[in-house]
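The structure appears below as structure tokens.
Just so you know, these numbers come straight off a predicted model, no measurement behind them.
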Amino acid sequence: MTSSPPARVEVPPIRGWLLIEHPGPWGFSAGADIPGLSADVRAAAAALGFRINLIRQYQRPPRPGRERCFVSSAAGGPQLLEQLPAVRVADRFAAVAEAVAAGRSSGLATPVAEPMYLVCTNEVRSPVCGGQGRAVARAVAAVAGRHTWETTHVGGCRFAANLVCLPSGVFHRGISPAAAVALVEAAVRGRSALAPPAGDCRRPGSCAQPGAELPEPA
């Protein structure tokens with residue numbers, strides 16, 4: 001008896017990410033948890049195809065008043081990641097995002113040369129992400145240290161744990177702590193990332209694995 005081929009799922013393209021450092025607690029929706037995030041920033045993110053997520057470094061709480069934002073490309077071509085103070089997101093995000101999505105430095109934020117490993121640990125949205133996500137975050141932090149970030153919902157809760165590698169934009173669904181460590185160790189050694197279990201969010205239609213699902217709204 002032969003198994004049927006994996007279902008192919010059309011994944012709406014994500015052109016980039018706006019990541020806002022926020023210690024928590026986190027609620028059901030990232031957008032509702034960001035007091036003072038202007039309508040202009042939300043509108044710019046929607047227009048440019050940028051997903052907004054809250055993040056916190058694993059076991060490294062941000063210093064009050066020194067929170068950071070990261071703007072990452074995820075649309076193919078040059079992979080860019082830039083950082084700016086959270087207090088400047090209102091007046092700089094649109095310009096930075098337009099540049100990063102186009103594959104060029106904005107000149108308005110600090111380029112980041114190192115990767116970010118985002119693990120969804122939003123237990124309010126999904127207790128499974130809270131439990132299995134934290135186990136993966138803990139394992140990744142043991143090899144990636146400060147490059148490990150907890151994040152709010154990235155979609156695919158029923159396939160937790162979920163890991164997103166930036167600035168490549170590759171999703172890994174249903175990843176175990178051991179597999180996550182192997183992936184990060186391979187990246188540290190300069191090898192290409194393991195084949196993503198749930199596809200690459202840079203390209204529509206790239207998700208072709210069993211159980212893959214559409215990214216859900218934040």
Side-chain angles (χ1 to χ4, degrees), residues 6 11 14 16-17 19-21 23-24 26 51 53-62 68-83 100 103 110-123 126 128-203 206-213 215:
V11 178
I14 298 172
W17 297 74
L19 307 171
I20 301 175
E21 196 170 19
W26 296 336
R51 185 183 181 98
N53 269 55
L54 303 180
I55 58 171
R56 60 189 174 215
Q57 273 183 308
Y58 184 75
Q59 294 191 338
R60 295 171 183 250
R68 296 161 289 175
C69 288
F70 296 86
V71 180
S72 174
S73 61
Q79 298 175 10
L80 295 176
L81 179 62
E82 297 194 352
Q83 171 187 321
V100 167
T110 303
V112 178
E114 298 168 326
M116 297 179 72
Y117 301 105
L118 310 183
V119 184
C120 177
T121 60
N122 191 356
E123 63 185 357
S126 167
V128 178
C129 287
Q132 297 186 22
R134 284 202 178 89
V136 167
R138 182 167 55 250
V140 171
V143 292
R146 60 189 175 84
H147 305 302
T148 309
W149 296 79
E150 297 180 70
T151 188
T152 49
H153 184 63
V154 297
C157 289
R158 62 195 178 99
F159 302 115
N162 295 302
L163 170 69
V164 182
C165 303
L166 295 177
S168 68
V170 175
F171 280 82
H172 297 267
R173 305 266 197 235
I175 195 166
S176 68
V181 167
L183 183 150
V184 173
E185 287 180 336
V188 169
R189 291 194 300 267
R191 295 168 50 194
S192 59
L194 304 178
D200 182 335
C201 71
R202 293 174 295 172
R203 299 189 304 271
S206 62
C207 185
Q209 297 296 324
E213 73 175 59

Any donor-acceptor pair under 3.5 Å linking the side chain of [X] with the backbone of [Y]?
{"X": "Gln57", "Y": "Arg146", "value": "yes"}
{"X": "Asn162", "Y": "Gly133", "value": "no"}
{"X": "Thr152", "Y": "Leu54", "value": "yes"}
{"X": "Arg56", "Y": "Glu150", "value": "no"}
{"X": "Ser73", "Y": "Gly16", "value": "no"}

With Leu118, which of Thr151, Thr148, Val140 fulfils side chain to side chain contact (heavy atoms under 4.5 Å, CB included)?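 Exactly one option meets the side chain to side chain contact (heavy atoms under 4.5 Å, CB included) with Leu118, and it is Thr151.
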
Option among Val100, Leu81, Val112 that satisfies the side chain to side chain contact (heavy atoms under 4.5 Å, CB included) test with Ser72: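 When side chain to side chain contact (heavy atoms under 4.5 Å, CB included) is applied between Ser72 and each of Val100, Leu81, Val112, only Leu81 qualifies.
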
Can you tell me how far the [atom1] atom of [X] sits from the [atom2] atom of [Y], to the nearest 0.5 Å?
{"X": "Gln59", "Y": "Arg134", "atom1": "CD", "atom2": "CZ", "result": "10.5 Å"}
{"X": "Phe70", "Y": "Glu21", "atom1": "CZ", "atom2": "CD", "result": "6.5 Å"}
{"X": "Leu163", "Y": "Ile175", "atom1": "CG", "atom2": "CD1", "result": "5.0 Å"}
{"X": "Arg51", "Y": "Leu19", "atom1": "CZ", "atom2": "CG", "result": "10.5 Å"}

Working note: Asn53 + Val164, criterion side chain to side chain contact (heavy atoms under 4.5 Å, CB included); need CA distance, chi angles, decisive distance, verdict. CA-CA 12 Å; Asn53 269 55; Val164 182; over 6 Å; no

Classify the ring geometry between Phe171 and Trp17 as parallel (under 30°), tilted (30 to 60°) or perpendicular (over 60°).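 Phe171 and Trp17: tilted rings.
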
Are [X] and [Y] side-chain neighbours, meaning at least one heavy-atom pair lies under 4.5 Å?
{"X": "Val184", "Y": "His147", "answer": "no"}
{"X": "His172", "Y": "Cys165", "answer": "yes"}
{"X": "Val154", "Y": "Arg173", "answer": "yes"}

Might you point out which heavy atoms bring Ile20 and Cys69 nearest each other, and give the distance in Å?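 Shortest heavy-atom contact: CG1-SG, 3.8 Å.
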
Can you see which heavy atom on Ala180 is nearest to which on Val136, and at what distance?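 Shortest heavy-atom contact: CB-CG1, 3.8 Å.
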
